[in-house]
Q: 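Take a look at this one; I'll ask things after.
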There are 2 protein chains.
Amino acid sequence: MARLKDVAQLAQVSVSVASRVLNNDEGARINADTRKRVFEAAEQLAYVPDHRARALRLARAGAIALVVPEVNNAIFANLHAGVQEICHESSTAVFVAQLDPPEDDSRSLARIIGNGRVDGVILQRSEQYSDEALRRAIQLDIPVVLFNSTLEGHVGSVAMDDAGSVNVALEHLRGLGHTDIAFIAGAAQHDAAARRLVAFRELLGASGAPVRDEWIVPAGWEAPAGAEAMRSLLELPERPTAVLVASVNASIGALSAALAAGVRVPEELSIVTIHDTWQAEYVTPSITTVAMPMHAAGQWAASMVLDHLSGSPLRDEVITSPAPRLVVRSSTSAPRR
Amino acid sequence: MARLKDVAQLAQVSVSVASRVLNNDEGARINADTRKRVFEAAEQLAYVPDHRARALRLARAGAIALVVPEVNNAIFANLHAGVQEICHESSTAVFVAQLDPPEDDSRSLARIIGNGRVDGVILQRSEQYSDEALRRAIQLDIPVVLFNSTLEGHVGSVAMDDAGSVNVALEHLRGLGHTDIAFIAGAAQHDAAARRLVAFRELLGASGAPVRDEWIVPAGWEAPAGAEAMRSLLELPERPTAVLVASVNASIGALSAALAAGVRVPEELSIVTIHDTWQAEYVTPSITTVAMPMHAAGQWAASMVLDHLSGSPLRDEVITSPAPRLVVRSSTSAPRR
DNA sequence: GGGTTGTGCACAATCGGTTGCGCTACTAGT
DNA sequence: ACTAGTAGCGCAACCGATTGTGCACAACCC
């Protein structure tokens, strides 16, 4: 691999001149002819600057990390696309890393990220991290933007409009005539799940519909948890006519369990969920969802990190635009009286 | 962030001694007491070596890239886990990067990977890369191991036992009594898809069952393509009693299309597919699959890259162990006569 | 012509580590 | 007591880039 030295030699100049030419250093006074020779030499040798040396000298890695608990997560793809898009504009590489459950070692994130490997981190919190563990994990000297969660005392986060999404779902169900509405909640420790739960209670109550504790079932983000929650819901003496599931993968599990129990969806039970993924469209019946602006959120998060590197302060943002959008499919209908 | 110099100062030694101690340099003769002081100083300052400097000096980035066409791909999670596992053992970071469709620029991969950013690459080929484009893209000076695909003239690949997986699926269908079997193939350009298609033709023919060209429908890896293929299959005057779908996401699309057309699965049509993911379990009816050893394949690929960095040659491997494993669910049954 | 200004380039320090080699003491052998 | 050997540590070069500064020379002024 050609180094800058080789380029300089071929162009008959010093490395410093070669460097200035290739970086389009405005302040430098360089003869047009010399400039041309350097460009040609670089072209001829297919010169690509060494990122290690560059990073060392500039104290800038030119990359950020997107740390997620689970790469196969449904919402991850859109998030990633948004992040990638912004970073591409500033030639910043995006590295995805998976942060496994907290270890005894409090410096786990530092080990993954390394020191100087990336300039910033976007972190999607795992259900399994307590506030304390998370706080320890993000003790880095680079900016950390929390995605879809907040942490007391930490500035730098991008969250979704959880209350708004719950509202869209409930409005849809209410418009169909439902009042007996259950909620399959997310993991209790997760603050996004907590916000949705609070919103559900408040908004449902405000609409005058009954808020019944036994119809609020804690679960998790994934399909097995959703299935389990649905089964326990169906064992109750009185059943709701509709269920709002806090997350799409869980709703797929919930639907599966309902069908397995012989419940007809949507005739006997309507199901609506938050987040939209292709799977929701391809199960039968397809699931009505509230599409969240994951892509935009990814863009926001990436911008926040990159801007911070240029001096802007970190902030705590809630993405309200584009607003949560209802995607009506076949899992919801008017209740059968 | 503390540097090695700070550690050395605190321990009252030179940086070279500090370096040797912290790297457990066997050859170095260092007093036990000095050693202890250095360790304590490093601990006290929470010293983490700067990866940029280390990488520059050692000409080793301590990281490899896992490049995939689509991070949300069903098989990606297992692959990633396998890679991660091996790399963790040798303290190598794993970076996931998404390689978008080929651009005019032939150095696209080089741009993503950078120069010196990683020591090796595991690349899952996109359907959209022609042999030529792929060949240009992997012109790097670091080892590239192709995952689940091969490239003429390129050594370094890990492929799955495609013929074996098709065989397991067909054996299952034959055991149930099916002879009228269709095939929803993968993308024609993709060589893994091509291998499965060849295997299907040969193995089905060898079993004495009819191999009908109109029952072999080219599609793609994802759900919409599978749905489209199923629709065209259902329009034929004569229908098969079973369908083998080349990939799990496509099979979910295919199932969805079949149910939408009023076809009862598995009574009127059995569906079996290759690769196992949680979605296959949670659609209704759940889909019978052939689980492939993605995790092991990821381990192989990672080992191959890491070993190569220690001098071992690259090879072309086919993962036959663990063997493709049938996971019987509810989408297959004996044909209704 | 002497002085000033400006152009075009190279030198060398620097980023934070790693490592070959040399230097100093101290021990041991004769 | 003199030499040889070795333990323990530091010096300094180096990896490949960036950048402040200095130097040589030409062009210009009055």
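Order of the sequence lines sets the chain letters (A, B, ...), proteins ahead of strands, with each chain counted from 1. What's counted below: heavy atoms across the whole structure, side chains too, no hydrogens, waters or symmetry copies.
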Q: Please give, in whole Å, the distance from dG17(C) C1' to Asp25(B) CG?
A: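 Result: 14 Å.
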Q: Could you pick out which residue, Leu58(B) or Gln12(B), lies toward the 5' side of DNA chain D when each is mapped onto its nearest nucleotide?
A: Gln12(B)
Q: On DNA chain C, does the nearest nucleotide to Ala53(B) precede the nearest nucleotide to Val13(A) from the 5' side, or the other way round? Give the residue.
A: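 The residue mapped nearer the 5' terminus is Val13(A).
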Q: Taking atom P of dT18(C) as reference, at what distance in whole Å does atom CZ of Arg52(A) sit?
A: 15 Å
Q: Is there a donor on the side chain of Arg29(A) or the base of dG8(C) sitting less than 3.5 Å from an acceptor on the other?
A: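 Side chain to base: pair found, below 3.5 Å.
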Q: Once you round it to whole Å, what is the distance between P of dG16(C) and CG of Asp141(A)?
A: 12 Å
Q: Side-chain N or O of Ser19(A) less than 4.0 angstrom from OP1 or OP2 on dA17(D)?
A: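 Checking dA17(D) against Ser19(A), no side-chain N or O comes under 4.0 Å of OP1 or OP2.
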Q: Do NZ/NE/NH1/NH2 and the carboxylate oxygens of Asp50(A) and Arg52(B) come within less than 4.0 Å?
A: no
Q: Write down the distance between CZ (Arg57(A)) and C1' (dA17(D)), rounded to a whole number of angstrom.
A: 8 Å
Q: Determine whether a donor-acceptor pair (one donor, one acceptor, N or O, separation below 3.5 Å) exists between the side chain of Thr34(B) and the base of dC9(D).
A: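 Such a pair does not exist between side chain and base.
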Q: Please report the distance, rounded to the nearest Å, between NE2 in His51(A) and P in dA17(D).
A: 11 Å
Q: How far apart are the closest heavy atoms of Val155(B) and Leu314(B), and which atoms are they?
A: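 Looks like CG1-O, 3.5 Å.
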Q: What about Arg20(B), does its side chain sit under 3.5 Å from the base of dG20(C) through a donor-acceptor pair?
A: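 Under the 3.5 Å cut-off, the side chain and the base do form a donor-acceptor pair.
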Q: Output yes when at least one side-chain N/O atom of Asn31(A) is less than 4.0 Å from OP1 or OP2 of dT7(C), else no.
A: no
Q: Is the closest basic N to carboxylate O distance between Arg135(B) and Glu132(B) below 4.0 Å?
A: yes
Q: Does the base of dC11(D) carry an N or O that pairs as donor and acceptor with the side chain of Ser16(B) under 3.5 Å?
A: yes
Q: Under 4.0 Å, heavy atoms only, any strand: does Leu56(A) hit a base, just the sugar-phosphate, or nothing?
A: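 The residue Leu56(A) makes base contact.
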Q: Mind checking Arg3(B) for me? I need base, sugar-phosphate or nothing, with any heavy atom below 4.0 Å counting as a touch.
A: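 Sugar-phosphate contact only.
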Q: Parallel, tilted or perpendicular: which fits the ring planes of His190(A) and Trp221(A), with parallel below 30° and perpendicular above 60°?
A: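 Ring orientation, 0 to 90° scale: perpendicular.
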Q: Send over the distance from Gln9(B) CD to dG17(C) P, rounded to a whole Å.
A: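 Distance, rounded to whole Å: 13 Å.
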Q: Between Tyr47(A) and dA17(D), does any side-chain N or O lie under 4.0 Å from OP1 or OP2?
A: yes
Q: Answer yes when Arg3(B) and Asp6(B) have at least one side-chain N-carboxylate O distance shorter than 4.0 Å, and no when they do not.
A: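 Here Arg3(B) pairs with Asp6(B) in a salt bridge, since their nearest N and O are under 4.0 Å apart.
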Q: So what does Asn23(B) touch, heavy atoms closer than 4.0 Å: a base, only the sugar-phosphate, or nothing?
A: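 Sugar-phosphate contact only - Asn23(B) comes under 4.0 Å of backbone atoms but never of a base.
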Q: May I have the distance from Leu4(A) (atom CG) to dT19(D) (atom P), rounded to whole angstrom?
A: 12 Å
Q: Once you round it to whole Å, what is the distance between C1' of dG16(D) and CZ of Arg54(A)?
A: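 For the pair Arg54(A) CZ and dG16(D) C1', the rounded distance is 11 Å.
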